[in-house]
Amino acid sequence: MEIHDIVTLIVDLPVHKLHSGQVGTIVEEWEPGVYEVEFADTNGVTYATVALRSEQLMRLYWQPIKDTK
């Protein structure tokens, strides 16, 4: 995962009032496998910014994935 990747939560985070399936953008990498993710509504208003481990996220792809073989 890289900065500006679009990701979705694959776990619920009740303490942050976030649920599996919510979509965010990686805005910072704190250390390998730990990212600051910003969650914003469709108007671009941020409603949460949380540091998350890669195991809690799934990267979303807008284009076909190229075969690297």
Side-chain angles (χ1 to χ4, degrees):
M1 294 184 188
E2 299 177 7
I3 293 176
H4 300 129
D5 279 352
I6 306 302
V7 295
T8 187
L9 277 174
I10 58 172
V11 296
D12 290 333
L13 299 173
V15 70
H16 298 289
K17 298 181 180 168
L18 295 170
H19 303 279
S20 178
Q22 287 188 276
V23 176
T25 303
I26 293 177
V27 294
E28 187 68 58
E29 182 176 10
W30 292 113
E31 59 185 64
V34 179
Y35 305 95
E36 183 174 332
V37 179
E38 178 181 88
F39 296 88
D41 64 21
T42 55
N43 294 315
V45 177
T46 300
Y47 59 86
T49 303
V50 184
L52 299 167
R53 296 182 320 275
S54 59
E55 303 86 37
Q56 297 172 293
L57 302 167
M58 179 175 64
R59 184 175 175 198
L60 300 177
Y61 297 91
W62 300 102
Q63 302 295 327
I65 299 171
K66 295 179 183 176
D67 189 4
T68 58
K69 293 180 184 178

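The analysis underlying the following values was restricted to heavy atoms, covering all of them including side chains, and did not include hydrogens, waters or symmetry mates.
- Side-chain atoms of Thr8 come within 3.5 Å of backbone N or O of Gln22 as a donor-acceptor pair.
- Between Tyr35 atom OH and Thr25 atom OG1 the span is 14.5 Å, to the nearest 0.5 Å.
- The cluster map of Ile, Leu, Val, Met, Phe, Trp and Tyr, joined by side-chain heavy atoms under 4.5 Å apart, puts Leu18 and Val11 in the same cluster.
- The two residues Arg59 and Val7 make their nearest non-hydrogen contact at CA-CG1, 4.1 Å.
- Between Phe39 atom CZ and Leu52 atom CG the span is 5.5 Å, to the nearest 0.5 Å.
- With rounding to the nearest 0.5 Å, the separation of CE in Met58 from CG in Asp5 is 12.5 Å.
- Looking only at side-chain heavy atoms (C-beta outward), Ile6 and Val23 come within less than 4.5 Å of each other.
- The structure places CD of Glu28 at 12.0 Å from OG1 of Thr49, a figure rounded to the nearest 0.5 Å.
- A heavy-atom distance below 4.5 Å is not found between the side chains of Val50 and Glu36.
- Side-chain atoms of Asp41 come within 3.5 Å of backbone N or O of Asn43 as a donor-acceptor pair.
- Ala40 and Tyr47 make their closest contact through C-CE2, 3.4 Å (heavy atoms, listed as atom of the first residue, atom of the second, distance).
- Using a 4.5 Å heavy-atom cutoff, the side chains of His4 and Ile26 are not in contact.
- At a threshold of 4.5 Å between non-hydrogen side-chain atoms, the residues Ile3 and Val27 do not count as touching.
- Under the 3.5 Å distance criterion, the side-chain polar atoms of Asp12 are left unmatched by any main-chain donor or acceptor of His19.
- To the nearest 0.5 Å, atom CD of residue Gln56 and atom OG of residue Ser20 are 11.0 Å apart.
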